[in-house]
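What follows is a short report on a single structure.
Counting starts at 1 for both ligands and their atoms, following the listed order. Keep in mind that the numbers below use all heavy atoms, side chains included, and drop hydrogens, waters and symmetry copies. Residue numbers start at 1 and run along the sequence shown.
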Amino acid sequence: MTDVALVFRLGLLCRVPASPPPVIRVSHLRKHFGAHAVVQDVSFELAVGETLVLLGPSGCGKTTLLKMLNRLIEPDGGSVEINGRDVRQQPAETLRRGMGYVIQQVGLLPHYTVAENIGVVPRLLGHAPAAIAARTEALLTRLHLPPARYAGQLPQQLSGGQQQRVGLARALAADPPIVLMDEPFGALDPITRAGIRREFRELEELRSKTVVLVTHDVAEAFELADRILLLNAGRVQQLGTPRELLFRPANDFVRYFFAAERLALQLRTLTLDDVFDNEFLHDANPHTTVHEALETLTGTAVGTTGRFSVAQLMAAFGAALQREEDAWKR
Ligand SMILES: Nc1ncnc2c1ncn2[C@@H]1O[C@H](COP(=O)(O)OP(=O)(O)OP(=O)(O)O)[C@@H](O)[C@H]1O
């Protein structure tokens, strides 16, 4: 073997496996409407299967940023790459068919049945009718809309929550690897909203997908996000996990943004694993949040907790908060 071949072979053997390239890479994205800088120098990368929530006050540029991912709005500067390819390299329609898109207004076609609405994109993509029917049935079943009852109904025959589920089924119908969602639960009452959010979290289908979701609801962001991108006036204030934003705020804006709901968010963010030593946990799931454990202990939810009382849980929670604060000051 020549020296060159040997070096090449050794190189192959020793190569450290590269981390997978990001599914979405946004670099220095900018958008102005007239003199108004709506999105300013925004960059982030998303790995496969991640859920990123775009959060921030009304008018901070969330929807504009989301729409630049699927070219509903063209940026003034910067770039968006999907799987390493600049989105400008393909026709906008082709790009959009490859991404699910869910909006608050749902946007179902009023004269199409539920099944016809769900089949719109797969039909455009030329999927076989039998495959579309099977997929529609499976999605309706998974979203708790029995197909025998709902497939043939028109959107106006459904409640708001049911329409929102059909909107989600439509976005997922062609099995896109990326799903964009703009205030998908925004039009619903709080109880329906919480229920659909839970279903959303538990939907196996979405676990493998890369999701970008816009909301101005802090609790929703904390419930659904792997990471949150918090914007103000078009600029990124912080990009991180819910826990990082809560316990390691990058600036005063981040701190104040969560101030009103801090305790509720802390209860929903810290888990039993964070607050207790193992001997307390027994058969309890260590990933249960303090909030969920409290609900179980006070009888408002069914579940298993370890051998601890409300008082012990709250004392341990207080101590865990203190530890977080001390760690931050260091
Ligand atoms: N087509 C447009 N022409 C001019 N200004 C626009 C246009 N679209 C959005 N804007 C402005 O850009 C700013 C950001 O709007 P955007 O909808 O992105 O904000 P948002 O954070 O999604 O707000 P909200 O939470 O209220 O939906 C707003 O001031 C809005 O008025």
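Within the structure, the closest approach of H36 to ligand 1 falls below 4.0 Å when heavy atoms are considered.
In this structure, E74 does not pair ionically with K31, as no charged nitrogen and carboxylate oxygen lie closer than 4.0 Å. In summary, D252 and R255 engage in a salt bridge, as defined by a charged side-chain N under 4.0 Å from a carboxylate O. Of the charged side-chain nitrogens involved, at least one lies within less than 4.0 Å of a carboxylate oxygen, so that E50 and R227 count as a salt-bridged pair.
Between K62 and ligand 1, a contact under 3.5 Å exists for at least one N or O pair. Inclusion of F33 in the set of residues having an N or O under 3.5 Å from an N or O of ligand 1 is not warranted. Considering backbone and side-chain atoms alike, H216 places every N or O at 3.5 Å or more from each N or O of ligand 1.
Defined by atom type and a distance below 3.5 Å, a donor-acceptor pair is present between the side-chain atoms of E183 and H216. Remark: the T63 side chain and the D182 side chain contain an N/O donor-acceptor pair separated by less than 3.5 Å.
For ligand 1, the atoms sitting less than 4.0 Å from at least one non-hydrogen atom of T64 are 15 (O), 16 (P), 18 (O), numbered in the order shown with element in parentheses. Set against the non-hydrogen atoms of V38, the atoms of ligand 1 under 4.0 Å away are 12 (O), 13 (C), 14 (C). Distances below 4.0 Å separate heavy atoms of G61 from the following atoms of ligand 1: 14 (C), 18 (O), 19 (O), 20 (P), 21 (O).
Proximity of atom 18 (O) of ligand 1 to the protein is indicated by at least one non-hydrogen atom lying closer than 4.0 angstrom. In this structure, atom 13 (C) of ligand 1 is in close contact with the protein, since a protein heavy atom lies within 4.0 Å of it.
If you take CG on L239 and CG on L231, they are separated by 9.5 Å, rounding to the nearest 0.5 Å.
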